[in-house]
Q: 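Quick one: this structure, given as structure tokens, is what I'll be asking you about.
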Amino acid sequence: METYQLRDGSVIPKVGFGTYQLNGALGVNVIVAALNNGYRLLDSAFNYENEGAVGEAISKSGISRSEIIVSSKLPGRHHHYQEAINTIQESLYRAQLDYYDLYLIHWPNPLENNYVEAWQALIDAQKFGLIRSIGVSNFLPEHLTRLEKETGVLPVINQIELHPYFNQAKQRQFDTEHQILDEAWSPLGRGNNELADPVITKLATQYHKNAGQIVLRWQLQLGVLPIPKSSHSQRQQENLALFDFELSETEMAQLNQLSKVDGRLANQDPATYQEF
Ligand SMILES: NC(=O)C1=CN([C@@H]2O[C@H](COP(=O)(O)OP(=O)(O)OC[C@H]3O[C@@H](n4cnc5c(N)ncnc54)[C@H](OP(=O)(O)O)[C@@H]3O)[C@@H](O)[C@H]2O)C=CC1
Ligand SMILES: O=C(O)C(=O)[C@@H](O)[C@H](O)C(=O)CO
């Protein structure tokens, strides 16, 4: 698996595994399969209520803990400093881990306006050794600018909604300028109609790949880290088989042109959307 290097020096796989809605024993089996299929980055969240399943899958897989990048997220209801520290510790207890490789603030919740306090807790949790790398999710330039101004520390990752119909060109430019790596959530548009777009299916036929592989390859060539989720072993493998072909500049431009102003999947604009 090829890797990215984060601004803090950590090394992270170019493709990760999304675990939203993978819960309980069924979820454990799916995540063990993903690890056996080669995934070494697992994306979870306190709010997914599956950090325990993730920890159990790591233990069952027999793969060394040190080979796996484990990532989770702080929910909006625990942005106050001490609650954030307690929640990070609870995330660790749930997963039966000593540390997370990566921990993100899940949503900025700007109307509540406590995300700077939450960020200070992540900075300190990193110093305490609970977290190796600290990042955010769904942060707009205005939120990132405030973090830098008030704490002097910028995240190394911003996990954002990113798929062909919503390619986040401006946000990506801002993040790149600040050496923040973008992770793409719902990189396949949740498997919706985007994958049937004629531009994508034509390229799939041309390269003898499926539509999902074209989309994920496009994201890699944008310099983004996608975290596709699949419950099916064969799809898990296909979503990693992205390193034996390359899209041309013209094809990249065609894919870039698919983006729409209102292309978000569920109207979750971080400027106003609040998730607790
Ligand atoms: N930070 C945030 O706010 C958010 C983070 N996330 C994270 O991002 C991860 C990925 O996003 P998610 O919303 O799950 O959506 P994805 O874009 O990863 O799509 C997953 C869906 O697509 C299907 N699928 C998987 N592979 C293929 C393929 N090659 N061709 C066609 N269909 C496919 C899956 O079905 P099947 O399982 O049956 O294969 C599933 O229904 C989440 O699991 C979560 O970890 C997600 C949303 C918000
Ligand atoms: O899945 C996540 O990480 C989320 O933040 C959720 O908002 C998810 O996008 C969702 O669809 C909740 O209804």
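Numbering of ligands and ligand atoms starts at 1, following listing order. Note that this is a predicted model, so its numbers are computed, not measured.
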Q: So which of E161, K229, E183 gets nearest to atom 25 (C) of ligand 1, if we judge by its closest heavy atom?
A: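 Heavy atom nearest to atom 25 (C) of ligand 1 belongs to K229.
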Q: Find all atoms of ligand 2 within a distance of less than 4.0 Å from any non-hydrogen atom belonging to Y273, and give their numbers and elements.
A: 7 (O)
Q: May I ask you to identify the nearest protein heavy atom to atom 12 (C) of ligand 2, giving residue, atom name and distance to one decimal place in Å?
A: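 Minimum-distance protein heavy atom for atom 12 (C) of ligand 2 reads Y20 OH, 3.5 Å.
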Q: Return the residue, atom name and 0.1 Å-rounded distance of the protein heavy atom closest to atom 45 (O) of ligand 1.
A: D43 OD2, 2.6 Å
Q: So do the side chains of N37 and R235 get within less than 4.5 Å of each other, counting heavy atoms only?
A: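 They are not in contact (no side-chain heavy atoms under 4.5 Å apart), so the answer is no.
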Q: For the pair F174 and H178, name the ring-plane relationship: parallel under 30°, tilted 30 to 60°, perpendicular over 60°.
A: parallel
Q: Does E238 have a non-hydrogen atom less than 4.0 Å from ligand 1?
A: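 Checking ligand 1 against E238, which is what was asked, there is no heavy-atom contact under 4.0 Å.
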Q: Numbering the atoms of ligand 1 from 1, which are under 4.0 Å from a heavy atom of G18?
A: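 Listed by number with element, the hits are 9 (C), 42 (C), 43 (O), 45 (O).
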Q: Give the atoms of ligand 1, by number and element, whose distance to some non-hydrogen atom of P228 is under 4.0 Å.
A: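 Atoms satisfying the 4.0 Å criterion: 18 (O).
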Q: Identify, by atom number and element, the atoms of ligand 2 in contact range of Y48, meaning under 4.0 Å from any of its heavy atoms.
A: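 Per the distance check, 1 (O), 2 (C), 3 (O).
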Q: Could you tell me, atom by atom, which parts of ligand 1 come under 4.0 Å of a heavy atom of W107?
A: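 With W107 as reference, the close atoms of ligand 1 come out as 3 (O).
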Q: Nearest protein heavy atom to atom 9 (C) of ligand 1, by residue and atom, and its distance?
A: I227 O, 3.3 Å
Q: Counting non-hydrogen protein atoms only, what is the nearest one to atom 42 (C) of ligand 1? Give residue, atom name and distance.
A: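 Of the protein heavy atoms, Y20 CB, 3.6 Å lies nearest.
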Q: Can you tell me the protein heavy atom closest to atom 6 (C) of ligand 2 and the distance?
A: E275 OE1, 3.4 Å
Q: Checking a contact table here: which protein heavy atom is nearest atom 39 (O) of ligand 1, and how many Å away?
A: S230 OG, 2.6 Å
Q: Check whether the side chains of K229 and S231 place a donor and an acceptor atom closer than 3.5 Å, and report yes or no.
A: yes
Q: Would R190 count as a contact residue for ligand 2, given that I'm defining contact as a non-hydrogen atom of the residue lying under 4.0 Å from a ligand atom?
A: yes
Q: Could you tell me whether the side chains of Q120 and E150 share a donor-acceptor contact shorter than 3.5 Å?
A: no
Q: Does K73 reach ligand 1, in the sense of a heavy atom lying below 4.0 Å from it?
A: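 Yes, that is the case, since the closest heavy atom of the residue is under 4.0 Å from the ligand.
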Q: Would you mind checking which non-hydrogen protein atom is closest to atom 23 (C) of ligand 1, with the distance to 0.1 Å?
A: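 Answer, as residue, atom name and distance: R235 NH1, 3.8 Å.
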Q: Students should be able to answer this: which protein heavy-atom is nearest to atom 44 (C) of ligand 1, and at what distance?
A: Y48 OH, 3.4 Å
Q: Less than 6.0 angstrom from the centroid, inside 45 degrees of the normal: does R65 satisfy that with respect to the ring of Y99?
A: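 Yes, cation above the ring, under 6.0 Å and within 45°.
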